[in-house]
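See below for the structure under consideration.
Just so we're on the same page: letters track the sequence lines, and every chain starts at 1. Note that the coordinates shown come from a computational prediction; the quantities given were computed from them, not determined experimentally.
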Amino acid sequence: MKALVAVKRVVDYNVKVRAKADGSDVELNNVKMAINPFCEIAVEEAVRLKEAGTVSEVVVVSVGEKSCQEQIRTALALGADRGIHVEVEGRPEPLEVAKLLKGVVDKEQPQLVILGKQSIDGDNNQTGQMLGALAGMGQGTFASEIKVDGDSLQVTREVDGGLQTLKLNLPAIVTTDLRLNEPRYASLPNIMKAKKKPLDVTSPADLGVEMSSHITQLGVAPPPERSAGIKVEDVAQLVDKLKNEAKVIS
Amino acid sequence: MTTLVIAEHDNTSLKPATLNAVAAAQAIGGDIDILVAGADCGAAAEAAAAVPGIGKVLAADNAAYANQLAENVSLLIADVASAYDNVVAPATTSGKNIMPRVAALMDVAQISDIISVDSPDTFKRPIYAGNVIATVQSSDAKKVITVRTTAFDAVAETGGTAAVEAVDAVHDAGLSSFISEEVAESDRPELTAASVVISGGRGMQNGDNFQLLEGIADKLGAAIGASRAAVDAGFVPNDYQVGQTGKIVAPDLYVAVGISGAIQHLAGMKDSKVIVAINKDEDAPIFQVADYGLVADLFTALPELEAAL
Ligand SMILES: Cc1cc2nc3c(=O)[nH]c(=O)nc-3n(C[C@H](O)[C@H](O)[C@H](O)COP(=O)(O)OP(=O)(O)OC[C@H]3O[C@@H](n4cnc5c(N)ncnc54)[C@H](O)[C@@H]3O)c2cc1C
Ligand SMILES: Nc1ncnc2c1ncn2[C@@H]1O[C@H](COP(=O)(O)O)[C@@H](O)[C@H]1O
């Protein structure tokens, strides 16, 4: 069976992003970019399923400007077989991305679609679920374990109270949580090999999707600053401060 | 203007997050109804009817809605929402699971995790792990919104007398089924609703050492949380994780023990009223947000703290 994995190019998770001085947007000049960590987990899971013989082909797709081909190459170096770049300008919204991914799903007919649970730039946590609705597929979001079982999928999900296990008909959508796996590092030979793997470029028009934005970002601002605190000498002073100064314990 | 709030519940009672979502709906303004979807959820619907300021409670009581399967509940919500201007749910794992499906069915954007309402179509929400707050405006006629519960003070639980109306529509997508659940039973307050939280990180070294936090939590009536590193290492279950991609907490007192203070962790706790950090590394970034920092080995500091309380 074929697996389709959606990967997003985002600011590296180590970067502390700041608002521009004029508050128009975040400062993204000369900032290190990377594959969204949850998408890396998604690629790893698909590649492991291929290594286990469950999946026959791993296709990765990214929606964005030309630069997101770098992240597709990274995914190919991690073991995906081929890439699809849906070229769009600017920053598409989750609903637009989900519509484009639906177009790719229609063409590729994957049995399993794996996305990250959340992109660490917009912190939306939407695209996989939206794709599920548009494609009429069941969803196993925030997955910490998946098992393919004939024509169904068993997914264990990280939920507020603990863990929940669901059974989904295939084809299905999975969105990854942190405990699903620990992604491998790409080896140098695999990075070289990835350069020769096929990467097709397509467009919203090819996929029959009309782009339309629903949200306008009016501005960005830094969060409220916390005033600097103090270092206490010892436990006794800490308890005294909490009781008598902060008054948060009695 | 009318807003439909999606109740978070366990069929017998409302989860506190529902009351924060109602508060956000009030900030948007207009009339508010609550939808309770579940199986044998009559008691939860009654609880929703007791929330003050509610027009009516819609109760969709059917086996198809047991376990809040997103495929089924989203069809129901999109159906019921056709009569409303806004659909609002708490940004819990359940809300996050269901609401984007609703938005896609309605062909509108979702505005995730709002922390304030500037006007009925303009909201503030954190992005980039809370390093930046964005102001966003929606051009959709109908809005689908999830609410960061810590940013809206809960409305009262009782005092209202709304009518409960049954919704007979049954939506079963037939795509998914529930198999099992592993829910830890605990006498402690829920992490996201507790007024004191004490969290352990990688510095705790193993799961057994979390007992050092238990004794203190007992004395303070606190919930116990953790960093991602502590969860990944298997010290504690996943639902303890506080942070950008875990739970967001904002208690009166947050105590971080053996946690370095990565941005992803800070994203989940830096709106706490008072922050205490116990760390043996005086340069740990957690001290930059701590009101009271104690540079100490946690294995000596924690027993001392428990004794002093
Ligand atoms: C996509 C993504 C999402 C993430 N989401 C989250 C999230 O939601 N929540 C989260 O927490 N993290 C998250 N992280 C991980 C985050 O980046 C950090 O790796 C993590 O928070 C570190 O956990 P820690 O502070 O326990 O461990 P460390 O950074 O290893 O810090 C351990 C600390 O313990 C101290 N220590 C050690 N021994 C002692 C002792 N005996 N006494 C006192 N102090 C001691 C050390 O000085 C150190 O400061 C995420 C990362 C990524 C990439
Ligand atoms: N532009 C994009 N290209 C490819 N995949 C995306 C894109 N945006 C979001 N996704 C996928 O959807 C997941 C969740 O993203 P989000 O809904 O933005 O939090 C990501 O981890 C990706 O797997």
Side-chain angles (χ1 to χ4, degrees), chain A residues 11 13 16-19 26 93-95 98 117-118 120-126 129-130 132-134 137-139 141-142 144 154 158-169 178-179 214-223 226 229-232 235-236 238-239 241-242 246 248-249, chain B residues 70-71 74 92-93 96-97 100-101 103-105 108-110 112-113 122 126-140 175-184 220 228 232 237-239 244-245 252-253 263 270 273-274 276 289-295 301 304-305 308-309:
Chain A
V11 169
Y13 78 96
K16 189 167 189 299
V17 171
R18 287 176 206 288
V26 291
E93 292 166 12
L95 183 62
K117 83 163 176 182
Q118 177 173 342
I120 60 161
D121 51 2
D123 285 332
N124 301 306
N125 198 331
Q126 299 177 6
Q129 298 88 314
M130 288 180 158
L134 298 175
M137 292 185 198
Q139 68 186 40
T141 53
F142 328 144
S144 64
Q154 191 166 312
E158 294 196 1
V159 294
D160 285 339
L163 294 170
Q164 181 193 56
T165 303
L166 300 179
K167 188 176 161 190
L168 305 172
N169 298 347
L178 296 167
R179 262 66 62 179
H214 298 229
I215 303 279
T216 313
Q217 182 177 292
L218 299 180
V220 298
R226 285 192 78 91
I230 59 158
K231 292 251 170 74
V232 291
V235 167
L238 174 63
V239 172
K241 292 278 183 196
L242 293 178
V248 283
I249 62 175
Chain B
E71 297 77 8
S74 60
T92 53
T93 49
K96 289 173 179 171
N97 187 39
R101 251 187 121 97
L105 291 170
V108 301
Q110 173 177 298
S112 297
D113 240 336
T122 305
I127 55 175
Y128 293 93
N131 281 315
V132 180
I133 308 296
T135 305
V136 295
Q137 185 172 36
S138 160
S139 61
D140 284 314
L175 294 170
S176 54
S177 53
F178 172 83
I179 295 184
S180 63
E181 208 162 41
E182 251 176 73
V183 178
L220 295 177
R228 171 191 175 180
D232 282 6
N238 61 280
D239 53 311
Q244 178 191 13
T245 63
D252 294 335
L253 173 62
I263 42 180
K270 70 177 158 52
K273 272 206 199 96
V274 174
V276 170
V289 300
D291 300 282
Y292 304 108
L294 177 62
V295 180
E304 276 179 41
L305 179 58
L309 289 170

Heavy-atom pairs under 4.5 Å with chain A, option from B:L309, B:D113, B:T92 with the top count: B:T92
Residue part contacting chain B, namely of A:P223, when any heavy atom lies under 4.5 Å: both
B:S74 versus chain A, the contacting section by heavy-atom distance below 4.5 Å: neither
Contact winner vs chain A - B:L105, B:I179, B:D140, heavy-atom pairs under 4.5 Å: B:I179
Contacts of A:K231 that satisfy salt bridge (charged side-chain N to carboxylate O under 4.0 Å, His left out) - sequence neighbours left out: none
Leading residue by heavy atom contact count with chain B [cutoff under 4.5 Å; candidates A:E158, A:Q154, A:K16, A:Q139]: A:Q139
Selection from A:V17, A:L95, A:L238 maximising heavy-atom pairs under 4.5 Å formed with chain B: A:V17
Closest contact, heavy atoms only, A:L242 versus B:Y292: CD2-CD1, 3.8 Å
Interchain contact, A:Q118 with chain B, by part (heavy-atom threshold 4.5 Å): side chain
Taking every non-hydrogen atom, the tightest pair across B:S112 and A:Q126: OG-NE2, 2.7 Å
Separation of A:E93 CD from B:Q110 CD (nearest 0.5 Å): 12.0 Å
Any side-chain heavy-atom pair of A:T141 and B:K96 under 4.5 Å: no
Under the side chain to side chain donor-acceptor pair (under 3.5 Å) test, residues paired with A:N124 that sit two or more places apart: none
Contact origin within B:A308 toward chain A - heavy atom pairs under 4.5 Å: both
Minimum-distance pair of heavy atoms, taken over all atoms of B:D239 and A:G161: OD2-O, 3.5 Å
Heavy-atom closest pair, residues B:L305 and A:V239: CD1-CG2, 3.6 Å
Which atoms of B:L294 approach chain A - backbone, side chain, both or neither, heavy atom under 4.5 Å: both
Inter-residue atom distance A:R18.CZ - B:N131.CG, 0.5 Å rounding: 8.0 Å
Choice from B:A104, B:A134, B:P126, B:P100 maximising heavy atom contacts with chain A below 4.5 Å: B:P100
Proximal component of A:A98, with respect to chain B [non-hydrogen, under 4.5 Å]: neither
B:K270 side chain to A:R226 backbone, donor-acceptor under 3.5 Å: no
Which of A:K167, A:M137, A:M130 touches chain B most, by non-hydrogen pairs under 4.5 Å: A:K167
B:N238 side-chain N/O to A:G162 backbone N/O, donor-acceptor pair under 3.5 Å: yes
Straight-line distance of B:Q244 CD to A:I120 CD1, nearest 0.5 Å: 6.0 Å
Member of A:V220, A:I215, A:L218 meeting the side chain to side chain contact (heavy atoms under 4.5 Å, CB included) criterion with B:V136: A:I215
Spacing of NZ belonging to A:K241 relative to CG belonging to B:D291, to within rounding of 0.5 Å: 11.5 Å
Contacting region of A:L163 [heavy-atom separation from chain B under 4.5 Å]: both
Winner by heavy-atom pair count (cut-off under 4.5 Å) against chain B, out of A:V11, A:D121, A:L168: A:D121
A:K117 NZ to B:T245 OG1 distance, which is reported to the nearest 0.5 Å: 4.5 Å
For chain A, the option from B:A70, B:S177, B:S176, B:A301 that forms the most heavy-atom pairs under 4.5 Å: B:S177
When B:V183, B:I133, B:I127, B:D252 are compared by non-hydrogen pairs under 4.5 Å with chain A, the top option: B:I133
Option that, when pairs with chain A are counted at under 4.5 Å, heavy atom only, ranks first among B:G130, B:S180, B:S139, B:A109: B:S180
Validation row: A:V248, B:K273 side chains within 4.5 angstrom (heavy atoms): no
Gap separating the CD atom of B:E71 from the CG atom of A:L166, nearest 0.5 angstrom: 7.5 Å
Heavy-atom closest pair, residues B:I263 and A:Y13: CD1-O, 3.6 Å
For chain B, the option from A:V26, A:N125, A:V232 that forms the most heavy-atom pairs under 4.5 Å: A:V232
Side chain A:Q129, main chain B:A103, donor-acceptor under 3.5 Å: no
